[in-house]
Amino acid sequence: MPTADDAPELVADPRRRTGRTLLAGGVAQSYVDVADSRHLHFEYVRRMARLLDLAAPPGAPLTALHLGGGALTLPRYLAATRPGSAQTVIERDPRVVELVRRELPPLPAEVRVEVADARAAVTAAAPGRYDVVLADVYRAAQMPPQVAAVEFVTEVARVLRPDGVYLVNVTDLPPLVFSRGQVATLRAVFGDVCLVADRRMVRGRRYGNVVLAAAARPGRLPVSRLAARVARDPVPGAVLHAATLDGFVAGARPATDAGLGTDLPPA
């Protein structure tokens, strides 16, 4: 359950007049430019956005499920770049939802925000409902185990359309043991998986965020175009796929509910 120690707050960016950072327990969770929804401050968010850009023809609406809402950076971006996209956002902390509604610009009518548990929301969703599912679910800087297991990923695959894409933000530190396990977990369910990260993270030289993408059909992910785009980012990224991803996984095993523990708190 949320506590007073992790109470959310929005603070102005002293270097960008229209920038706002959402903090929880003093830790940055999201960043929104109130005047420009296309401005993405965090590098991992830009990488997720590049995958959204390539998920369908430019401007085509997508049906999206966001697990973890924060300041709604990517829902705002998707609404700006693909108008008419029907989006559902699941956020577990009602204080975050209320703060964002009160302090930040209103969302388009196509974006619906629910206070709920991420795994329960996915389990309750109809099959084949979404073009894209995005997971950025964290508690105390850790991904809750119930959204890290094969059983959960199988449910995500169920609610995606046949050509749908699953995007996951993973925070990790060298030697990226958790990220390797999450790649193995996605590969146990999906036919096409890639990893995008700062080149220094891939080399084991820093901690930070890894973005994983998965799709049911082999060859669905736009790997070449994605690599070209993330290479041009202010913080250049690398894409691991196929053989290079094989080397990265290095024998890691998929995570399961049984292995992570069965008494799982809400996400």
Could you tell me whether a side-chain N or O of Asp131 sits under 3.5 Å from a main-chain N or O of Thr63, the two making a donor and an acceptor?
yes
Side chain to side chain contact (heavy atoms under 4.5 Å, CB included) partner of Leu65, the single match among Ile90, Val89, Leu160
Ile90
Between Arg20 and Val34, is a side chain to side chain contact (heavy atoms under 4.5 Å, CB included) present by the stated rule, with each step listed?
CA-CA 7 Å; Arg20 304 289 184 272; Val34 297; 3.8 Å; yes
Let me see the working for Asp136 and Tyr44 under side chain to side chain donor-acceptor pair (under 3.5 Å), right down to the final yes or no.
CA-CA 11 Å; Asp136 191 3; Tyr44 84 89; 2.8 Å; yes
Going from CZ on Phe178 to OG1 on Thr171, what distance comes out if it is rounded to the nearest 0.5 angstrom?
7.5 Å
Nearest 0.5 Å please: distance from the CG atom of Leu134 over to the NE2 atom of His66.
5.5 Å
Look only at the side chain of Asp192 and the backbone of Ala215, and say whether a donor-acceptor pair between them is shorter than 3.5 Å.
no
When you measure from the side chain of Ser85 to the backbone of Pro61, do you find a donor-acceptor pair of N or O atoms at a distance under 3.5 Å?
no
Start with the C-alpha gap between Asp93 and Arg95, add the side-chain angles, then the distance that decides, and say whether salt bridge (charged side-chain N to carboxylate O under 4.0 Å, His left out) holds.
CA-CA 5 Å; Asp93 191 341; Arg95 300 172 304 172; 2.9 Å; yes
Using the rule that two of Ile, Leu, Val, Met, Phe, Trp, Tyr join whenever any of their side-chain heavy atoms come within less than 4.5 Å, decide whether Val156 and Val132 are in one cluster.
no
Test item: Gln29 and Leu23 side chains (from C-beta on) under 4.5 Å apart, heavy atoms:
no
Hey, could you give me the CG/CE distance between Leu173 and Met201, rounded to the nearest 0.5 Å?
8.0 Å
So which atom in Gln182 and which in Ala255 form the shortest heavy-atom distance, rounded to 0.1 Å?
NE2-CB, 4.4 Å
Test side chain to side chain donor-acceptor pair (under 3.5 Å) applied to Asp33 and Thr18, step by step
CA-CA 5 Å; Asp33 188 313; Thr18 53; 2.8 Å; yes
Any Leu226 side-chain heavy atom under 4.5 Å of Leu54 side chain
yes
Would Val150 and Leu167 show up in the same hydrophobic cluster when neighbours are defined by side-chain heavy atoms closer than 4.5 Å?
no
Given the rule that I, L, V, M, F, W and Y join up when any side-chain heavy atoms are under 4.5 Å apart, are Met143 and Tyr166 in one cluster?
yes
Salt-bridge present (Asp117, Arg119; N to O < 4.0 Å):
no
Qualifying residue for salt bridge (Lys or Arg N to Asp or Glu O under 4.0 Å) with Glu43, from Arg199, Arg50, Arg206:
Arg206
Worked verdict on Val170 versus Tyr138 for side chain to side chain contact (heavy atoms under 4.5 Å, CB included):
CA-CA 9 Å; Val170 177; Tyr138 277 85; 4.1 Å; yes
Would you say Thr185 and Arg253 make side-chain contact, with heavy atoms under 4.5 Å?
no
Can you label the angle between the His39 ring and the His41 ring as parallel, tilted or perpendicular, going by 30° and 60°?
tilted
Atom of Ala56, atom of Leu62 and distance for their closest heavy-atom approach
CB-CD2, 3.8 Å
Can you tell me how far CG of Leu99 sits from CG of Leu104, rounded to the nearest 0.5 angstrom?
7.0 Å
Any side-chain heavy atom of Phe152 sitting closer than 4.5 Å to one from Leu67?
yes
Distance-minimising heavy-atom pair for Pro75 and Val111:
CB-CG1, 4.3 Å
Heavy-atom distance under 4.5 Å between the side chains of Val97 and Arg101, does that happen here?
yes
Under the criterion side chain to side chain contact (heavy atoms under 4.5 Å, CB included), I'd like the reasoning laid out for Val211 against Asn209: C-alpha separation, chi angles, the key distance, then a yes or no.
CA-CA 7 Å; Val211 172; Asn209 298 78; 5.6 Å; no
Going hydrophobic residue to hydrophobic residue with side-chain gaps under 4.5 angstrom, can you get from Leu51 over to Val189?
no
Arg92 side chain to Ala116 backbone, donor-acceptor under 3.5 Å:
no
Distance-minimising heavy-atom pair for Pro236 and Ala231
CB-O, 3.8 Å
Is any side-chain N of the basic residue among Arg200 and Asp198 closer than 4.0 Å to the acidic one's carboxylate O?
yes
Tell me, which pairs form a salt bridge (Lys or Arg N to Asp or Glu O under 4.0 Å) where one or both residues lie in residues 173-188, sequence neighbours left out?
Arg187-Asp246
Using the rule given for side chain to side chain donor-acceptor pair (under 3.5 Å), can you reason through Asp53 versus Tyr77, listing the C-alpha separation, both sets of side-chain angles and the distance that settles it, and then say yes or no?
CA-CA 10 Å; Asp53 293 342; Tyr77 176 84; 2.7 Å; yes
Between Arg220 and Asp163 (salt bridge meaning N to carboxylate O under 4.0 Å), is one present in this structure?
yes
Donor-acceptor pair, side chain of Arg158 and main chain of Val153, under 3.5 angstrom:
no
Backbone N or O of Val32 within a donor-acceptor pair of the Arg76 side chain at under 3.5 Å?
no
Answer yes or no: does atom CZ of Arg17 have more than 12 heavy-atom neighbours from other residues, nucleotides or ligands under 6.0 Å?
no
More than 12 heavy atoms of other groups within 6.0 Å of Arg217 CZ:
yes
Heavy-atom side-chain proximity of Thr73 to Leu40 below 4.5 angstrom:
yes
Does some side-chain heavy atom of Val210 sit less than 4.5 Å from a side-chain heavy atom of Leu195?
yes
With heavy-atom distances below 4.5 Å as the criterion, would you say the side chains of Gln87 and Leu107 are in contact?
no
Quick one: do Phe190 and Leu221 end up in the same hydrophobic cluster if we chain Ile, Leu, Val, Met, Phe, Trp and Tyr together by side-chain heavy atoms under 4.5 Å apart?
no
Please name the pair of heavy atoms, one in Ala80 and one in Ser37, separated by the smallest distance, quoted to 0.1 Å.
CB-CB, 4.1 Å
Tightest non-hydrogen contact, residues Cys194 and His241, listed as CB-CD2, 3.9 Å
